[in-house]
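Okay, so here's the structure we're looking at.
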Amino acid sequence: MYPLMTEKGYDYSFNANACESCGGNCCTGESGYIYLNQKEMEGIAGFLELSMRELKEKYLFKNGYKFSIKEHIVEDSHDCIFFDRKINGCGIYPVRPTQCRTFPFWSYFKTHKEELQAECPGIIYKEDNV
Ligand code: SF4
Ligand code: SF4
């Protein structure tokens with residue numbers, strides 16, 4: 001059992017125990033960008049035993065000046081290319097980018113409550129908890 005996670009400045013907490021039954025909503029579904037920096041790319045390349053060139057060619061694409069992770073369509077869902085449906089989880093979990101590590105505590109969600117609630121069953125708003 002994971003303890004409830006909170007973050008200063010956010011009016012919700014996160015129950016990571018919900019991930020097991022969720023099926024990875026945050027890694028699948030709607031198309032989106034998952035940005036990574038140079039250090040994160042090097043970490044993933046090392047983890048997958050690929051050169052940076054191979055990593056970029058196989059798994060990343062450029063949006064403007066930033067790199068993002070590719071998606072592929074699985075049953076009408078835009079799955080992150082690293083999402084593994086056999087385990088319902090991230091195939092690069094130990095080296096996943098900061099954007100993934102910090103979910104669901106993104107400042108964007110401070111003003112998009114319904115969107116977050118629809119996506120993540122692990123979200124508990126303070127008013128739901130009293
Ligand atoms: S959407 Fe929420 S509950 Fe589902 S896998 Fe992602 S973080 Fe876990
Ligand atoms: S890198 Fe891993 S945690 Fe991040 S979106 Fe892809 S599958 Fe999910």
Side-chain angles (χ1 to χ4, degrees):
M1 285 287 281
Y2 299 102
L4 274 189
M5 290 167 66
T6 55
E7 194 74 36
K8 201 169 170 229
Y10 289 82
D11 62 349
Y12 54 84
S13 49
F14 169 58
N15 175 12
N17 299 294
C19 295
E20 204 177 320
S21 55
C22 163
N25 282 354
C26 53
C27 309
T28 63
E30 298 278 310
S31 183
Y33 295 106
I34 307 141
Y35 291 115
L36 3 68
N37 62 31
Q38 182 70 18
K39 207 171 154 210
E40 290 166 339
M41 290 192 279
E42 286 168 6
I44 296 169
F47 184 77
L48 297 175
E49 298 181 352
L50 297 172
S51 67
M52 282 292 274
R53 187 185 172 150
E54 287 168 328
L55 176 77
K56 287 175 183 170
E57 278 175 10
K58 274 179 107 164
Y59 297 116
L60 308 180
F61 69 97
K62 242 181 160 182
N63 181 38
Y65 61 93
K66 293 197 274 190
F67 280 97
S68 180
I69 298 175
K70 284 182 184 172
E71 298 170 329
H72 59 168
I73 306 286
V74 183
E75 295 167 8
D76 291 336
S77 163
H78 294 258
D79 284 14
C80 170
I81 196 105
F82 291 126
F83 185 72
D84 184 345
R85 284 193 171 232
K86 285 192 224 86
I87 59 165
N88 257 346
C90 177
I92 57 160
Y93 191 79
V95 291
R96 68 202 188 284
T98 303
Q99 185 176 326
C100 306
R101 287 176 191 275
T102 54
F103 182 88
F105 297 105
W106 295 351
S107 50
Y108 172 83
F109 288 129
K110 287 182 178 178
T111 51
H112 294 80
K113 179 176 174 175
E114 288 76 20
E115 196 180 321
L116 179 60
Q117 282 180 309
E119 178 165 339
C120 181
I123 299 301
I124 303 163
Y125 275 90
K126 297 235 164 88
E127 66 264 26
D128 302 335
N129 211 13
V130 285

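Order of listing sets the numbers, starting from 1, for every ligand and every atom in it. FYI, the numbering just counts along the sequence from 1. What you are looking at is a predicted structure, and each value in this text was computed from that prediction instead of being measured.
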Exercise. So, N25 side chain and E119 main chain: donor-acceptor pair closer than 3.5 Å or not?
Worked result: yes
For this session: Check the surroundings of atom OH in Y93: do more than 12 heavy atoms from other residues, nucleotides or ligands lie under 6.0 Å from it?
Result: no
Problem set entry | Protein contact to atom 8 (Fe) of ligand 2 [nearest heavy atom, distance to 0.1 Å] | C27 SG, 2.4 Å
For this session: Please report which non-hydrogen protein atom sits nearest to atom 2 (Fe) of ligand 2, along with the residue it belongs to and the distance in Å to one decimal place.
Result: C90 SG, 2.3 Å
For this session: Would you name the heavy atoms of S13 and T6 that are closest together and state the gap between them?
Result: CB-CG2, 3.7 Å
Exercise. In terms of the angle between their ring planes, are F103 and W106 parallel, tilted or perpendicular, with boundaries placed at 30° and 60°?
Worked result: perpendicular
Problem set entry | Sidechain-backbone polar pair: N17 side chain, Y2 backbone, donor-acceptor under 3.5 Å | yes
For this session: For I34, take its heavy atoms, then give the atoms of ligand 2 lying under 4.0 Å from any of them.
Result: 5 (S)
Exercise. Should the pair Y10 and Y12 be assigned to parallel (<30°), tilted (30 to 60°) or perpendicular (>60°) ring geometry?
Worked result: perpendicular
For this session: Can you pull out the closest protein heavy atom to atom 6 (Fe) of ligand 2? Residue, atom name and distance to 0.1 Å, please.
Result: C80 SG, 2.3 Å
Seminar exercise, completed: At under 4.0 Å between heavy atoms, what of I81 touches ligand 2? The answer is neither
Exercise. Below 2.8 Å, any N, O or S contact between C19 and atom 4 (Fe) of ligand 1?
Worked result: no
For this session: Identify the heavy atoms of F83 and C90 that sit nearest to each other, and give their distance.
Result: CD1-N, 4.5 Å
Exercise. Which of the atoms of ligand 1 are close to C26, meaning less than 4.0 Å from one of its heavy atoms?
Worked result: 1 (S), 5 (S), 6 (Fe), 7 (S)
For this session: Could you pull out the closest heavy-atom pair between M41 and L36, with the gap in Å?
Result: CG-CD1, 4.0 Å
Seminar exercise, completed: Near C120 (heavy-atom distance under 4.0 Å), the atoms of ligand 1 are 1 (S), 2 (Fe), 3 (S), 7 (S)
For this session: Could you list which atoms of ligand 2 come closer than 4.0 Å to a heavy atom of C100?
Result: 1 (S), 3 (S), 4 (Fe), 5 (S)
Exercise. Considering only protein heavy atoms, which is closest to atom 4 (Fe) of ligand 1, and at what distance to one decimal place?
Worked result: C22 SG, 2.2 Å
Exercise. Does Y125 have K113 sitting over its ring (NZ/CZ under 6.0 Å from centre, angle to axis within 45°)?
Worked result: yes
Exercise. In terms of atom number and element, which parts of ligand 1 are under 4.0 angstrom from non-hydrogen atoms of E119?
Worked result: 1 (S)
For this session: Could you list the atoms of ligand 1 found under 4.0 angstrom from a heavy atom of P121?
Result: 3 (S), 4 (Fe)
Problem set entry | Ligand-side contact atoms (ligand 2) for residue partner F83, heavy atom cut-off under 4.0 Å | 7 (S)
